[in-house]
Novice: 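Supplied in structure tokens, the structure appears directly below.
Each chain gets a letter, A, B and so on, in the order its sequence line appears, and its residues count up from 1. Fair warning: this is a prediction, and the values are worked out from it, not measured in the lab.
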2 protein chains.
Amino acid sequence: MAHERQKSIARNSLLIRSLPDHHVDILLGQAVWRSYERGETLFLQEEKAQAIHVVIDGWVKLFRMTPTGAEAVVSVFTRGESFGEAVALKNMPYPVSAEAVTTCEVMHIPSSVFLSLMRRDPEICISILASTFGHLHSLVAQLEQLKAQTGAQRVAEFLLNLSDCSDGPCEVTLPYDKMLIAGRLGMKPESLSRAFARLKDAGVTVKRNHAEISDIAQLRDYAESDPAESWSKG
Amino acid sequence: MAHERQKSIARNSLLIRSLPDHHVDILLGQAVWRSYERGETLFLQEEKAQAIHVVIDGWVKLFRMTPTGAEAVVSVFTRGESFGEAVALKNMPYPVSAEAVTTCEVMHIPSSVFLSLMRRDPEICISILASTFGHLHSLVAQLEQLKAQTGAQRVAEFLLNLSDCSDGPCEVTLPYDKMLIAGRLGMKPESLSRAFARLKDAGVTVKRNHAEISDIAQLRDYAESDPAESWSKG
DNA sequence: CGGGCGACATGACTATGGTCAAGTGGACAT
DNA sequence: ATGTCCACTTGACCATAGTCATGTCGCCCG
């Protein structure tokens, strides 16, 4: 059963916030609300999708198991973010598995509910397309990063995304453990450690799950500089 | 103006093929048909999207320019494939640029046409979501490949995707030049050369734009084997 | 026919990042 | 307190792939 706090987070999610109130009430009313413990599975790759998922609290990761058993993290979602839209509405098998990274609360909207609302009001499609586009865009950005940046630069961007200020010094808290951050950024934990070490030159100090950035602008320069130039003199 | 051959390719595209005939006729009737020369730009990153694009013939690449000027190829489309669906319907700026890789023909469907049809028949949303899901899926697959496979393995998968037979020997023609293949697979042309050289051990011979595979199954084994094991013994 | 250009191949060198192995240090339970 | 577990760090080593330089081949153009 949903408390008001949970419903309000759901209302503000990218997926739902632009819908008219009477539709939102129907969606929230028919949704399934669940808690997951750290490590619990939400669904597995190849499973048939039957719901759209909205994270209310905590963190959830999407990942793929490669044929050789290695795990590739595709994305990590938190409060207000949703996933599975396109898959659920087509009743297709998930291309990824989902697992709770921390204790978390998730709202599941059965795709049938969404589908019947869509028939009544096509505007809802646009909401879904908007979130789906968001995912598309973030995957494209990840691809660009993997192809064009070094590990340390990807870590720099990761920190920049966490920080809310736009210049000067800043502090950020790492939202989940470093093993997962490494996975999300396409590297091994050892490499992440070394990337953090390198970022010391760019004014970043990391202690526990806390990072201090001495100058946001400097870090941004580092993240976007050409890997070829200016490193030798490190 | 569209010939019948062009219209028939459009009808068979993933985006359009599941729509009812009377809608398809409207879409094809209002589409803009254009030819592009090799190197010509279809649209630029950050430009506002106003149409959905369907490739009728030739090859089109989507790519991003990084802040440092490097180019990251996101995908390469050919006959029957469409792109820009989610972006166009939200009137958002393209996250990528598009360029003709060969001389090609492209059909542009103004998003207004799609939107008005959607209001009449919500089923159309599902078609759009289906193509969008396809793109999402292929990006996820690319991410997994980049994170979990070596260059030579990615080349092997690329060849496997081109081949239509499922075992035994096989010949494939490289669909566009090696510089672009390298970009698509996230490597430099030099590395692609070396990757092809390595694949000789896996039974692949490349001459010009023609590749001979002595045994599809063997190549598949190579593509999915664990990078860590079995390589030292070259 | 010869010159030049661009795609592609190859060699030498370097750097990024994966692997393995040995630590450190915090959290938690007994 | 003390031991154990696990995340994390660090060092040594090596494979992969980027960079730079050079060389070859095919092609277009005069």
Side-chain angles (χ1 to χ4, degrees), chain A residues 38-39 66 68-72 101-102 145-156 174-201 204-211 222-223 225-234, chain B residues 38-39 66 68-72 101-102 145-156 174-201 204-211 222-223 225-234:
Chain A
R38 178 193 166 94
T66 66
T68 65
E71 168 183 314
V101 166
T102 62
Q145 284 185 18
L146 275 176
K147 286 183 179 174
Q149 293 184 302
T150 67
Q153 287 181 305
R154 297 200 295 275
V155 175
L174 304 180
Y176 34 81
D177 70 29
K178 298 191 184 171
M179 305 203 60
L180 180 56
I181 297 177
R184 165 61 243 280
L185 297 175
M187 51 181 133
K188 301 282 141 173
E190 294 97 318
S191 297
L192 179 64
S193 272
R194 294 182 179 116
F196 275 134
R198 285 199 185 183
L199 288 184
K200 283 195 183 105
D201 297 345
V204 176
T205 320
V206 180
K207 277 214 184 62
R208 313 298 233 104
N209 64 344
H210 219 75
Y222 178 85
S225 67
D226 188 331
E229 70 194 28
S230 86
W231 288 23
S232 26
K233 62 181 179 196
Chain B
R38 178 191 165 93
T66 67
T68 64
E71 168 183 314
V101 166
T102 62
Q145 284 185 17
L146 275 175
K147 287 182 178 175
Q149 294 182 302
T150 67
Q153 286 180 305
R154 297 200 296 276
V155 175
L174 304 181
Y176 34 82
D177 70 29
K178 298 191 184 172
M179 307 205 56
L180 180 57
I181 296 177
R184 166 61 241 281
L185 297 176
M187 50 181 133
K188 301 283 141 175
E190 294 96 321
S191 298
L192 180 64
S193 272
R194 293 183 179 116
F196 276 134
R198 286 200 184 180
L199 290 185
K200 282 192 184 109
D201 297 344
V204 176
T205 321
V206 180
K207 277 214 182 63
R208 314 295 234 111
N209 64 345
H210 218 74
Y222 177 86
S225 67
D226 188 330
E229 69 194 29
S230 86
W231 289 21
S232 29
K233 59 180 181 198

Novice: Side chains of B/I181 and B/L185, heavy atoms from C-beta outward: is any pair under 4.5 Å?
Specialist: yes
Novice: Taking CZ from A/R198 and P from D/dT9, how many angstroms apart are they, rounded to a whole number?
Specialist: 15 Å
Novice: Could you go through nucleotides 8-11 of chain C and list every protein N or O atom that sits under 3.5 Å from one of its N or O atoms, giving the distance for each pair?
Specialist:
unit_1	atom_1	unit_2	atom_2	d
C/dC8	OP1	B/K178	N	3.3
C/dC8	OP2	B/K178	N	3.4
C/dC8	OP2	B/M179	N	3.2
C/dA9	OP1	B/K178	NZ	3.3
C/dA9	OP2	B/S193	OG	2.2
C/dA9	O5'	B/S193	OG	3.3
C/dG11	N7	B/R194	NH2	2.8
C/dG11	O6	B/R194	NH2	2.7

Novice: Between atom CG in B/L146 and atom P in C/dG17, what is the gap in whole Å?
Specialist: 13 Å
Novice: What's the closest nucleotide to the B/K188 side chain, out of D/dT16, C/dG17, D/dG18?
Specialist: D/dG18
Novice: Do any pairs count as a salt bridge (Lys or Arg N to Asp or Glu O under 4.0 Å) and have a residue in residues 181-191 of chain A, sequence neighbours left out, and if so which ones?
Specialist: none
Novice: Rounded to whole Å, please give me the gap between CE in A/M187 and C1' in C/dT19.
Specialist: 16 Å
Novice: Rounded to the nearest 0.5 Å, what's the gap from CD on B/Q145 to CD on B/Q153? Could you check?
Specialist: 9.5 Å
Novice: Can you figure out which of D/dT16, C/dA27, D/dC27 approaches the side chain of B/R208 most closely?
Specialist: D/dC27
Novice: Rounding to an integer number of Å, can you tell me how far A/N209 CG sits from C/dG26 C1'?
Specialist: 13 Å
Novice: Please report the distance, rounded to the nearest Å, between CZ in A/R38 and C1' in C/dA27.
Specialist: 13 Å
Novice: Do B/Q149 and A/T66 have side chains that get closer than 4.5 Å, going by heavy atoms?
Specialist: no
Novice: To the nearest 0.5 Å, tell me how far A/Y222 OH sits from A/R198 CZ.
Specialist: 6.0 Å
Novice: Is A/R154 near enough to C/dT16 that one of its side-chain N or O atoms lies under 4.0 angstrom from OP1 or OP2?
Specialist: no
Novice: Measuring only between side-chain heavy atoms, which start at C-beta, is A/K178 closer than 4.5 Å to A/V206?
Specialist: yes
Novice: Figure out the NZ/P separation between A/K147 and D/dG18, and round it to whole Å.
Specialist: 12 Å
